[in-house]
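We name chains A, B, ... by the order of the sequence lines, and we start the count at 1 in each one.
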Amino acid sequence: MLELRLVQGSLLKKVLEAIRELVTDANFDCSGTGFSLQAMDSSHVALVALLLRAEGFEHYRCDRNLSMGMNLNNMAKMLRCAGNDDIITIKADDGSDTVTFMFESPKQDKIADFEMKLMDIDSEHLGIPDSEYQAIVRMPSAEFMRICKDLSSIGDTVIISVTKEGVKFSTSGEIGSANIVCRQNQTVDKPEEATVIEMQEPVSLTFALRYMNSFTKASSLSDQVTISLSSELPVVVEYKIAEMGYIRFYLAPKIEE
Amino acid sequence: SGVQLSITEFYRSK
């Protein structure tokens with residue numbers, strides 16, 4: 001038996017909108033720790049890891065570990081039927097091939113049940129070790145989204161370089177090239193607008209903008225995004241989900257031929 | 001431009 005009641009149901013709606021472009025089908029894993037997902041895109045270039053901790057739910061019952069395969073477009077279709085202020089409850093019986101999403105209006109005057117068929121998904125689970133990163137950039141998520149969008153009208157790839165001067169996003173294409181530099185900027189009264197750069201050593205990596213743009217669909221979940229870079233590792237683009245967990249996107253770099 | 005690496009080149013299956 002599984003029963004997870006999320007008062008801020010809009011979080012789940014936003015999570016789905018953030019990942020459904022990248023991943024079509026995925027297993028949601030439910031355990032005593034929380035509700036989680038790990039999935040790669042079809043070309044195995046990017047990986048998304050989601051965690052919604054058990055403590056973040058108003059009610060969290062998960063009698064045994066359960067993995068539920070869902071088509072994310074179908075799940076998004078159902079969650080779009082929930083109001084932004086609705087409480088969402090996810091329910092499943094052991095051994096069942098369906099999951100039920102229950103939507104309750106804040107005044108409790110409307111209750112809806114949407115039952116969705118589960119699917120068998122043979123997915124690979126990767127072990128991601130904790131790493132020390134050469135540079136960690138924290139910046140407003142809306143700013144990062146704007147930069148990725150602007151650069152993708154010029155080129156296909158972005159070079160992200162961190163030096164003590166700041167973080168530079170560069171691209172080039174047929175029509176020309178572009179460089180955007182963001183310097184450290186810690187505004188005490190508006191922490192959500194801060195740009196903070198922690199650099200152990202300078203780092204410069206190249207990534208496909210198509211994926212970066214897809215990651216920025218998570219911007220509505222968090223005012224800030226954290227970008228962790230090391231020369232030998234995929235970049236980690238993390239959006240914290242208010243007191244509940246996170247959504248992390250891992251993207252393998254491009255290298256010179 | 002450049003060769004796109006795969007995420008599985010960095011992280012192994014559990």
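- Enclosure of atom CG in D120(A) is not indicated, since only 12 or fewer non-hydrogen atoms of other residues, nucleotides or ligands lie within 6.0 angstrom.
- Considering every non-hydrogen atom in both A252(A) and S6(B), the closest pair reads CB-C, 3.8 Å.
- Annotation: D156(A), atom CG; neighbour count of heavy atoms from other residues, nucleotides and ligands within 6.0 Å does not exceed 12.
- Heavy atoms from other residues, nucleotides or ligands lying under 6.0 Å from CD of E9(B) number more than 12.
- Between atom OG1 of residue T8(B) and atom NE2 of residue H44(A) there is a gap of 7.0 Å, rounded to the nearest 0.5 Å.
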Check your understanding: Yes or no on ring pair (Phe, Tyr, Trp, His ring centres under 6.0 Å) for Y250(A) and F10(B), after CA distance, side-chain angles and deciding distance?
Key -> CA-CA 10 Å; Y250(A) 298 78; F10(B) 297 93; over 10 Å; no
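- Of the listed residues (I128(A), D41(A), T206(A)), the greatest number of heavy-atom pairs within a distance under 4.5 Å of chain B belongs to I128(A).
- Atom CD in Q4(B) sits 6.0 Å away from atom OH in Y211(A) (nearest 0.5 Å).
- Rounded to the nearest 0.5 Å, atoms CD (Q38(A)) and OH (Y11(B)) are 10.0 Å apart.
- Minimum interatomic distance between K14(B) and L126(A) (heavy atoms only, all atoms of both residues): CE-O, 3.8 Å.
- Side-chain contact between K254(A) and V3(B) is absent, with no heavy-atom pair separated by less than 4.5 Å.
- With rounding to the nearest 0.5 angstrom, the CZ atom of F207(A) is 10.0 Å from the CG atom of L5(B).
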